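Heads up: the structure comes next, in structure tokens.
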Amino acid sequence: MSTLEAPAESPMGAHLIGGEWIASGPSMTTSINPARPDEPVGEHPVGDGSTAAAAVSAAVDAQQAWRDVGFRRRAEILERAAVLFEERADELALIGTREEGKLLAEMRGEAVLSAETCRYQAAVIKMPTERIYPSAKPGETIRTLRAPLGVVGVVTPWNFPILIPVWKIAPALAAGNTVVWKTASNTPLVSVAMAQIFVDAGVPAGALNLILGPGSMGGAMIEDPRVDGVTFTGSVPVGFDIRDKVTARNGRVQLELGGHNPAIVFDDADLDIAVPMVVAGAMGSTGQKCTATRRVIAHGAIYDELVERMATAVTDLKVGDGQDASAAIGPIVAPRARAEIAEGLEKAVAQGAEVVATAETPDTSECYFAPTLLTGTVDLDIWREEVFGPVSTVVKVDSDEEAFALANDTDFGLSASVFTTDMWRVDRAVNHLEAGIVKINAPTTGSELHVPFGGEKASSGHAPREQGDTAHDFFTRTRSIYINPGSPNPYA
Ligand code: NAP
Ligand code: MG
């Protein structure tokens, strides 16, 4: 098996298929740095349907050997990958920041949490997950067995280019599956450096395959009947299309989709706690988080003070290059994504939203977008539609009833925050907010990797949750095993 050296300054792109690094074709393109458009990050090949088919073949060929290697060896390899994620955290962070724009410290955090995820999933497969049942027949043992799904397709977005793939790849490999990973077009080279980590940790040829290329190549991969399950994180339209295609051939599918997450600030909230957390939830990672706070629901009694204090905090945000340690907010990932956010904001303003604060932006790249705080009403489209950037809207309410009703008034249900010191409001929030993640006096963003993660309504599919021990449920199938002695009962 050949290895690819990926120096941090100009990493080379390549598909990883069957243990071989394939650095050309069918066509080539260049990965762009959104903060420094004149400083391309590196070249890489762009695959198509034939690339996807070759990767699936490699995963099929490697499947039985990887399953039969046993859980201990697989756990050892993941533990080694964890060490490499830590050792190479700076290198990964630099490539990732140059491709995606996120602050170096945030990107480095993804690498460190990836290490923890590998270790956690290596431990989960040593936990008892099988069950023994009573049998009506003398001598018979009935138990379950967790078999790997087989070949798993992993399709990931650019906004957490290190951590989200590892949420999926680590438990998939741990459970004995082989993987075809179609990474996002905006973040190919950091994916190559990550695949290199798994190779160096000892993942054998074909057990993890990485393909670089457009959505249509991902489409070819997920439609391949040899792919037993697909785990996807990204937008609603792509996710629902993948769901329809994979379920039509009776494959298993896991979806993590968009969000339009509310934060309710009640009149008894401590604004010293609420203001920085709501602003961080709304603007952190340039608002390019599925769990970002898009909608702020403020009780009338604290509305004016909350808006004023949030406005100051937003105006003070320093926007800049993710490689600049003094920046708090990086650029938007790409010009097209920036244009979509600008369009969403323009529409909101045309519909009557008031801009109460914006931060200053550098003029060195067209990808910078000023974090923007709006006030408005629930009649705005932006109140219901996800705009994937640093724009958040505050709406005033007069009662608890109205606050909870507005929080739920969306097709999405990923994350929701409530700021209050009243335990009855907390009780109501945890029981009645329609969200897969409910946070009390904490931002809508952020999660612990040993805890199940996912949403309700249009934010997720119906498969077991990602992360935590439930991840194992998606990547395995349960068999019921009946074992009889095969000889006459000597005690009868
Ligand atoms: P996206 O356009 O849906 O892309 C996600 C992935 O799917 C990318 O790798 C993309 O490839 C690929 N893809 C596109 N079309 C495809 C097709 N027809 N068949 C198979 N794969 C296809 O999403 P995005 O713009 O990268 O990410 C932003 C979205 O992700 C937001 O809506 C955000 O809320 C959501 N998100 C959700 C979570 C969560 O956990 N719930 C986390 C992060 C982000 P290309 O890159 O080549 O287009
Ligand atoms: Mg997209």
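Every number for a ligand or one of its atoms is a count from 1 in the order of the listing. From a predicted model like this one, the values you see are computed outputs, not experimental measurements. Values below: every heavy atom of this structure, side chains too, minus hydrogens, waters and symmetry copies.
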Does the side chain of S191 pick up a donor-acceptor pair with the side chain of T183 at under 3.5 Å? yes

Counting each atom of ligand 1 from 1 as listed, which ones have a heavy atom of T183 under 4.0 Å away? 9 (O)

Need the ligand 1 atom indices (1-based, order shown) with element for anything under 4.0 Å from a heavy-atom of G213. 47 (O)

T178-Q63 side chain donor-acceptor pair, cut-off 3.5 Å: no

Heavy-atom contacts with I242 under 4.0 Å: which atoms of ligand 1 show up? List them by number with element. 20 (C), 21 (N)

Can you confirm whether the side chains of K457 and T410 place a donor and an acceptor under 3.5 Å from each other? no

Look only at interatomic distance and state if G234 has a nitrogen or oxygen under 3.5 Å from any nitrogen or oxygen of ligand 1. yes

Using a 4.0 Å cutoff against the non-hydrogen atoms of V155, which atoms of ligand 1 qualify? 6 (C), 7 (O), 9 (O), 12 (C), 21 (N)

Spatial distance of atom CG (D241) from atom CD1 (I222) [nearest 0.5 Å]: 6.5 Å

Closest heavy-atom approach to atom 27 (O) of ligand 1 among P237, P157, G153 is made by P157

Would F404 and R428 count as a side-chain contact (heavy atoms from CB on, under 4.5 Å) if you check the C-alpha gap in whole Å, the side-chain angles of each, and the deciding distance to 0.1 Å? CA-CA 9 Å; F404 286 113; R428 183 160 177 187; 3.5 Å; yes

Any N/O pair K182/ligand 1 closer than 3.5 Å: yes

Using a distance-only test with no angle check, is there a side-chain donor-acceptor pair under 3.5 angstrom linking S31 and E99? yes

Audit row: N186, E100, side chain to side chain donor-acceptor pair (under 3.5 Å) steps and yes/no: CA-CA 7 Å; N186 285 323; E100 199 263 359; over 6 Å; no

Option nearest atom 31 (C) of ligand 1 (shortest heavy-atom distance, choices W158, F388, W167, F453): F388

Check step by step if salt bridge (charged side-chain N to carboxylate O under 4.0 Å, His left out) holds for E106 and K289. CA-CA 12 Å; E106 290 176 326; K289 283 184 182 178; 5.2 Å; no

Report the part of T233 (side chain from C-beta onward, or backbone N, CA, C, O) that has a heavy atom under 4.0 Å from ligand 1; answer both or neither where that applies. both

Pairs of nitrogen or oxygen atoms closer than 3.5 Å, one from E386 and one from ligand 1: do any exist? yes

Would one find an N or O of S235, backbone or side chain, under 3.5 Å from an N or O of ligand 1? yes

Based purely on interatomic distance, does S459 place a nitrogen or oxygen under 3.5 Å from a nitrogen or oxygen of ligand 1? no

Only one of I211, D48, V46 passes side chain to side chain contact (heavy atoms under 4.5 Å, CB included) with M217, and that residue is I211

Heavy-atom contacts with C290 under 4.0 Å: which atoms of ligand 1 show up? List them by number with element. 34 (O), 36 (N), 37 (C), 38 (C), 39 (C), 40 (O), 41 (N), 42 (C), 43 (C), 44 (C)

Would you say I222 touches ligand 1, if touching means a heavy atom closer than 4.0 Å? no

May I ask which of G219, G215, G454 has a heavy atom nearer to atom 13 (N) of ligand 1 than the others do? G215

I'd like to check which ligand 1 atoms, numbered from 1 as shown, lie under 4.0 Å from a non-hydrogen atom of N159. 43 (C), 44 (C)

Residue pair D200 / R88, side-chain heavy-atom distance below 4.5 Å: yes

Taking 4.0 angstrom as the limit and counting only heavy atoms of I164, give me the atoms of ligand 1 inside it, by number and element. 42 (C), 43 (C)

Test item: side-chain donor near acceptor, R465 and T470, under 3.5 Å: no

May I ask you to identify, for P214, whether its side chain, its backbone, both or neither come under 4.0 Å of ligand 1 on a heavy-atom basis? backbone

Quick one: which ligand 1 atoms are inside 4.0 Å of a heavy atom on G218? 19 (N), 20 (C)

Cation-pi check, K102 onto F160 ring (under 6.0 Å, within 45° of axis): yes

